[in-house]
Amino acid sequence: METKFKILGSSSSGNTALLQTGKSNILIDAGLSGKKLKFLLSEEGLSVEELDAIFLTHEHNDHSAGIRGLSRYLNLPIFANRDTIDAIQPKLPRRPNWKRFETGVPFQFQEFKVHPFSVPHDAYDPVGFYFEWGTGDLFDPPSSLAWVTDLGFVPTLVQERIRKANILVIEANHCTDMLEKDEKRPWSLKQRIRGRHGHLSNQTTYELLESMENTCWRKVFLMHLSKDCNDVNLVRERFSQLPGQGKRFSTYVIDPATANPICV
């Protein structure tokens, strides 16, 4: 069965992606309004009722805003850890169909084996996800996806999840020089962004991917670009030099204005 993966939103204004395996339709994060998510799903030929689950990485609005509007769909499971649920629930008009997981403890959902792993970010208990699916036969080959969008540095465990993924989604949040020169952000916010619980810069992400050996990547998506402190062309130019790019795997930059993938 063909896997379809599409990033629907990718910036500080909202992050979310749709993963379809032929058996299941899931959202990873829901950082856009419920109305906007419904519209984007309809563009993919889906209704909210056809979603099988939502998986949340953390409570920040650009990853969870849509839960307010989608909370009325009581048959829709929303997976999150305890701290994330506790941070989001007081802002909601009703209690959605929460499904709690423990960070670091793998679990099964339909055909997916889901590995939620801790990442260093300034949230209560932020996670990345590593999804595995496929029975291994000719018609249902094994596949995997790592979703790592908000973190200030990359611990060893996260590197291993990244290395094993067939589809890698990772942030290239900001250009260091553009962040330094930005006049909109106060010094304290700049420090938070480039700190060990902030976001990865273009150069940090490039050096990470360049250093990794024996990777399983077929597609790499660079997302969560800052609209003010990054530039799609800068990212394309930098990552075009990535060893293996265009040969062993394809790399795409997600335009923060349109969420369209642009081939490196």
Side-chain angles (χ1 to χ4, degrees), residues 1-101 107-116 123 126-134 143 145-147 149-150 167 169 221 223-224 254-261:
M1 295 184 182
E2 182 184 1
T3 295
K4 295 182 180 179
F5 175 71
K6 185 171 184 180
I7 294 172
L8 305 178
S10 171
S11 73
S12 56
S13 299
N15 299 277
T16 187
L18 174 66
L19 176 61
Q20 300 176 276
T21 64
K23 297 179 181 177
S24 301
N25 306 306
I26 66 171
L27 280 185
I28 309 171
D29 278 334
L32 302 167
S33 71
K35 182 178 180 180
K36 181 69 172 178
L37 286 170
K38 288 181 191 179
F39 171 76
L40 291 172
L41 286 171
S42 70
E43 293 277 281
E44 301 303 314
L46 288 175
S47 66
V48 174
E49 288 84 357
E50 291 176 285
L51 282 178
D52 292 285
I54 300 174
F55 293 82
L56 295 183
T57 57
H58 62 292
E59 77 278 3
H60 288 170
N61 209 49
D62 60 328
H63 294 262
S64 67
I67 301 304
R68 181 179 183 86
L70 299 182
S71 63
R72 67 186 183 89
Y73 295 90
L74 297 180
N75 291 325
L76 176 60
I78 301 172
F79 286 87
N81 59 32
R82 178 186 302 202
D83 285 350
T84 299
I85 293 171
D86 288 349
I88 295 173
Q89 183 58 56
K91 305 173 187 177
L92 302 180
R94 62 187 68 82
R95 189 169 183 86
N97 183 16
W98 290 119
K99 299 294 182 182
R100 196 179 80 192
F101 61 75
F107 61 94
Q108 195 77 29
F109 174 73
Q110 296 188 7
E111 77 269 32
F112 296 105
K113 187 168 186 181
V114 186
H115 304 256
V127 302
F129 287 113
Y130 179 73
F131 297 91
E132 295 179 283
W133 67 94
S143 196
L145 180 148
W147 175 271
T149 59
D150 289 59
I167 302 170
V169 184
F221 294 90
M223 68 171 288
H224 212 321
I254 306 301
D255 188 329
T258 64
N260 290 331

> Mind checking whether N25 and L41 have side chains closer than 4.5 Å, heavy atoms only?
Replying inline: no
>> Distance check, rounded to the nearest 0.5 Å: F131 atom CZ versus I28 atom CD1?
In response: 4.5 Å
> Do Q20 side-chain atoms and S24 backbone N/O form a donor-acceptor pair below 3.5 Å?
Replying inline: no
>> If the test is side-chain contact (heavy atoms from CB on, under 4.5 Å), which one of I88, N97, I67 qualifies with I78?
In response: I67
>> Quick check: do V48 and L37 have side-chain heavy atoms less than 4.5 Å from each other?
In response: no
>> To the closest 0.5 Å, what do you measure between CD1 (I26) and CG (L76)?
In response: 11.5 Å
> Yes or no on ring pair (Phe, Tyr, Trp, His ring centres under 6.0 Å) for F101 and F109, after CA distance, side-chain angles and deciding distance?
Replying inline: CA-CA 11 Å; F101 61 75; F109 174 73; over 10 Å; no
>> Tell me whether the rings of F5 and W147 are parallel (<30°), tilted (30 to 60°) or perpendicular (>60°).
In response: perpendicular
> How would you list, by chain and number, every residue that makes a salt bridge (Lys or Arg N to Asp or Glu O under 4.0 Å) with R100, sequence neighbours excluded?
Replying inline: E102
>> Quick check for you: to the nearest 0.5 Å, what is the distance between S12 atom OG and N61 atom CG?
In response: 11.0 Å
>> So which atom in W133 and which in L145 form the shortest heavy-atom distance, rounded to 0.1 Å?
In response: CZ3-N, 3.7 Å
> What heavy-atom pair brings M223 and G9 nearest, and what distance separates the two atoms?
Replying inline: CE-O, 3.8 Å
> Side chains of L8 and L27: closer than 4.5 Å at any heavy-atom pair?
Replying inline: yes
> Can you list every salt bridge (Lys or Arg N to Asp or Glu O under 4.0 Å) pair that touches residues 39-68, not counting sequence neighbours?
Replying inline: K6-E44
> Taking atom NZ of K99 and atom CD1 of I54, what is their separation to the nearest 0.5 Å?
Replying inline: 13.5 Å
>> Closer than 3.5 angstrom, by distance alone: can the side chain of T21 be matched with the main-chain N or O of T3 as a donor-acceptor pair?
In response: no
> How are the rings of F107 and F79 set relative to one another: parallel (under 30°), tilted (30 to 60°) or perpendicular (over 60°)?
Replying inline: parallel
> Considering all heavy atoms of both residues, which atom of H63 and which atom of L56 are nearest to each other, and what is their separation?
Replying inline: O-CD2, 3.6 Å
>> So if I apply the side chain to side chain donor-acceptor pair (under 3.5 Å) rule between T57 and each of T84, N81, N15, D29, which one comes out positive?
In response: D29
> Hey, does Q89 have a side-chain heavy atom less than 4.5 Å from the side chain of W98?
Replying inline: yes
> Can you tell me if NZ on K38 sees more than 12 non-hydrogen neighbours from other groups inside 6.0 Å?
Replying inline: yes
> Stepwise, does the side-chain contact (heavy atoms from CB on, under 4.5 Å) test hold for L19 with F112?
Replying inline: CA-CA 11 Å; L19 176 61; F112 296 105; 3.8 Å; yes
>> Can you give me the closest heavy-atom contact between D255 and A257, atom names plus distance?
In response: OD1-N, 2.8 Å
> Is there a side-chain contact between L18 and L40 (heavy atoms, below 4.5 Å)?
Replying inline: no
>> Which label fits H60 and H58: parallel for a plane angle under 30°, tilted from 30 to 60°, or perpendicular past 60°?
In response: perpendicular
> What heavy-atom pair brings F55 and A53 nearest, and what distance separates the two atoms?
Replying inline: CE1-CB, 3.8 Å
>> Please find the pair of heavy atoms, one from Q110 and one from K23, that lie closest to each other, and give the distance.
In response: OE1-O, 4.4 Å
